[in-house]
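Structure first, commentary second.
Owing to the predicted nature of the structure, the values given are computational and were not obtained by experimental measurement. So you know, we letter chains A, B, ... as the sequences are listed, proteins then strands, and number each from 1.
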2 protein chains.
Amino acid sequence: MQSFKEENYLKAIYQLKIGDQKEVVTITDIAVQLGLKTPTVLEKIKSMAIKKLISYDKISGVQLTKNGFDVAVNIVRRHRIWETYLYKELKFSWSEVHEIAEQLEHVNSAKLIEKIYAILGYPKFDPHGDPIPDLKGVLPKSERRPLSKSVEGCKLLILGVSEHSDSFLNYLSEKHIGLNDRFVIEKIDGFDESLMLISKSKERCLVSAKAAKFIQVACLKENCACKASGGTTKA
Amino acid sequence: MQSFKEENYLKAIYQLKIGDQKEVVTITDIAVQLGLKTPTVLEKIKSMAIKKLISYDKISGVQLTKNGFDVAVNIVRRHRIWETYLYKELKFSWSEVHEIAEQLEHVNSAKLIEKIYAILGYPKFDPHGDPIPDLKGVLPKSERRPLSKSVEGCKLLILGVSEHSDSFLNYLSEKHIGLNDRFVIEKIDGFDESLMLISKSKERCLVSAKAAKFIQVACLKENCACKASGGTTKA
DNA sequence: TATTAAAATTAGGTATACCTAATAATAAAA
DNA sequence: TTTTATTATTAGGTATACCTAATTTTAATA
Ligand SMILES: [Mn+2]
Ligand SMILES: [Mn+2]
Ligand SMILES: [Mn+2]
Ligand SMILES: [Mn+2]
């Protein structure tokens with residue numbers, strides 16, 4: 001068994017590796033992720049290596065063992081299932097669920113999590129569009145993809161950006177496009193592939209094909225024609 | 001704010017004082033309750049006294065301050081609401097809920113607990129028959145008391161148990177004593193205080209004085225001689 | 001390659017939370 | 001009232017989980 005501190009280390013390593021697609025996870029990466037100092041992290045990493053939850057060497061950095069991976073996946077799974085339960089069953093708002101799920105993910109009862117997962121009807125994605133791993137750690141194909149791969153009628157959730165220049169971020173704020181905003185694709189231009197988005201408050205904005213490549217979205221519409229690729233995710 | 005360790009100390013003190021009706025709560029009492037050694041408890045009690053969560057002196061023992069009482073009541077409230085939710089909404093068995101509630105009681109979200117309490121319809125008692133305190137810490141009045149405080153002729157309704165070990169629960173099922181069953185007290189032995197119960201179907205069963213302390217009942221006989229004292233409850 | 005920047009590591013310290021063993025203070029019993 | 005338990009307290013130790021400051025190693029760059 002492992003403490004919730006160790007669970008948080010394992011989850012952080014999982015996020016860096018699987019979420020952020022880092023080939024090598026460093027002590028510094030983990031320290032930044034958890035808001036700790038590197039000597040603290042190094043010390044813990046050494047002790048977790050002795051426990052065979054991870055392996056660590058300078059060439060390949062920190063890596064999850066089979067055992068460590070199983071624990072990490074389980075925490076991510078619980079987090080995303082709880083977020084979904086809080087959102088769908090208990091009617092919490094989209095922005096409230098993460099903080100509570102950070103606590104609930106450490107409640108250790110397989111029966112409890114499978115029970116609420118069954119009540120939810122075995123969903124594949126959490127309210128942020130992130131994939132819920134199955135009991136073996138296999139992820140459903142992620143809905144996260146660039147805005148450019150949309151079709152008309154997509155119900156989109158803005159998940160992030162893959163470009164961080166000021167000019168691009170200014171572009172987004174001028175168009176009133178923010179993280180976690182929702183839009184529907186009204187029209188995609190046949191010539192230049194620019195996209196007309198409508199917000200919940202019926203505000204329209206036109207996004208160029210170039211910009212659309214750098215906006216990461218998930219389509220929340222069931223069985224939408226857009227579903228066809230992969231990318232990065234967060235809890 | 002306080003850690004979940006401190007929450008457990010405060011809850012233990014509350015249980016000893018309000019549940020077990022101890023006038024003076026000692027370091028040893030707390031150590032036994034939490035399965036710790038007295039020096040460990042003394043150290044913590046000193047630090048919690050500095051934090052004004054409790055007071056401690058040899059004459060009056062350990063006492064909850066206003067602040068400490070509020071925290072303790074809140075943990076007990078969360079515990080009992082979660083137990084009820086697990087039992088009623090998530091269909092867990094009577095004997096499974098306590099262990100999971102021990103974890104869930106430390107999840108810190110007033111909104112979450114009030115939401116599930118509303119879903120349950122604001123019940124006054126948990127699945128073991130223990131009272132759920134309101135937000136101010138006031139307990140609903142109940143006729144509930146241990147079977148041991150009976151007199152001959154009491155017409156009893158089994159409301160719950162204040163002990164959750166397998167051996168005790170097996171004892172009850174062997175004697176065919178279950179939740180909501182009714183019995184009359186035929187005889188109380190003058191020497192060992194064991195009780196002979198008769199069920200509606202005229203089945204007799206003998207309950208030891210020790211077991212009777214952990215069986216919670218209400219007496220349905222008007223003006224019965226048994227009505228005259230207090231009792232113990234557990235979470 | 002020499003210099004500089006970044007990352008990892010070592011050394012040493014603090015706070016919490018537990019323990020055992022020994023002693024002191026109280027309460028109970030003989 | 002002595003003796004004996006029980007309870008509380010002190011002293012000293014371990015493990016975890018954090019920190020800062022200094023140093024070493026490795027990588028980048030001029
Ligand atoms: Mn999420
Ligand atoms: Mn989250
Ligand atoms: Mn209960
Ligand atoms: Mn309980």
Between [N] ([atom2]) and [X] ([atom1]): distance, integer Å:
{"X": "K5(B)", "N": "dT16(C)", "atom1": "NZ", "atom2": "C1'", "value": "9 Å"}
{"X": "I45(B)", "N": "dC18(C)", "atom1": "CD1", "atom2": "P", "value": "12 Å"}
{"X": "E43(B)", "N": "dA15(C)", "atom1": "CD", "atom2": "P", "value": "13 Å"}
{"X": "E6(B)", "N": "dC18(C)", "atom1": "CD", "atom2": "P", "value": "11 Å"}
{"X": "D57(A)", "N": "dA8(C)", "atom1": "CG", "atom2": "P", "value": "12 Å"}
{"X": "K44(A)", "N": "dT16(D)", "atom1": "NZ", "atom2": "C1'", "value": "7 Å"}
{"X": "I30(A)", "N": "dA8(C)", "atom1": "CD1", "atom2": "C1'", "value": "12 Å"}
{"X": "K37(B)", "N": "dA22(C)", "atom1": "NZ", "atom2": "P", "value": "15 Å"}

Pick out the pairs of N or O atoms, protein on one side and nucleotides 5-9 of chain D on the other, that lie under 3.5 Å.
residue : atom : partner : partner atom : Å
dA8(D)  : OP2  : T28(B)  : N            : 3.0
dA8(D)  : OP2  : T28(B)  : OG1          : 2.4
dT9(D)  : OP2  : Y56(B)  : OH           : 2.5

- Message: Under 4.0 Å, heavy atoms only, any strand: does S3(B) hit a base, just the sugar-phosphate, or nothing?
- Response: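 Sugar-phosphate, backbone atoms only, no base.
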- Task: May I ask you to decide whether R144(B) forms a salt bridge with D130(B), counting only side-chain N to carboxylate O separations under 4.0 Å?
- Result: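 The answer is yes: the pair qualifies as a salt bridge.
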- Carboxylate-amine/guanidinium contact E43(B) K37(B), below 4.0 Å: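 No, E43(B) and K37(B) are not salt-bridged.
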- Query: For N170(B) and S173(B), what are the C-alpha separation, side-chain angles and deciding distance, and is it a side chain to side chain donor-acceptor pair (under 3.5 Å)?
  - Reply: CA-CA 5 Å; N170(B) 287 338; S173(B) 64; 4.6 Å; no
For residues 1-12 of chain B, run the donor-acceptor check on the side chains, cut-off 3.5 Å, and write out each pair with its distance to 0.1 Å, sequence neighbours left out.
residue : atom : partner : partner atom : Å
Q2(B)   : NE2  : E7(B)   : OE2          : 3.2
S3(B)   : OG   : K5(B)   : N            : 3.4
S3(B)   : OG   : E6(B)   : N            : 3.3
E6(B)   : OE1  : S3(B)   : N            : 3.3
E6(B)   : OE1  : K51(B)  : NZ           : 3.2
E6(B)   : OE2  : K44(B)  : NZ           : 3.2
E6(B)   : OE2  : K51(B)  : NZ           : 3.0
E7(B)   : OE1  : H106(B) : ND1          : 2.6
N8(B)   : OD1  : H106(B) : NE2          : 3.0
K11(B)  : NZ   : E102(B) : OE1          : 3.2
K11(B)  : NZ   : E102(B) : OE2          : 2.9
K11(B)  : NZ   : E105(B) : OE1          : 3.1
K11(B)  : NZ   : E105(B) : OE2          : 2.8

- Check: D189(B) main-chain N/O paired with S194(B) side-chain donor or acceptor under 3.5 Å: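 No: the side chain of S194(B) does not pair with the backbone of D189(B).
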- Task: Fit a plane to each ring of F168(A) and Y171(A), take the angle between them on a 0 to 90° scale, and name the class: parallel (under 30°), tilted (30 to 60°) or perpendicular (over 60°).
- Result: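 Parallel, since the angle between the ring planes stays under 30°.
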- Message: It should be established whether T40(B) places a side-chain nitrogen or oxygen under 4.0 Å from OP1 or OP2 of nucleotide dC19(C).
- Response: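 Result: yes.
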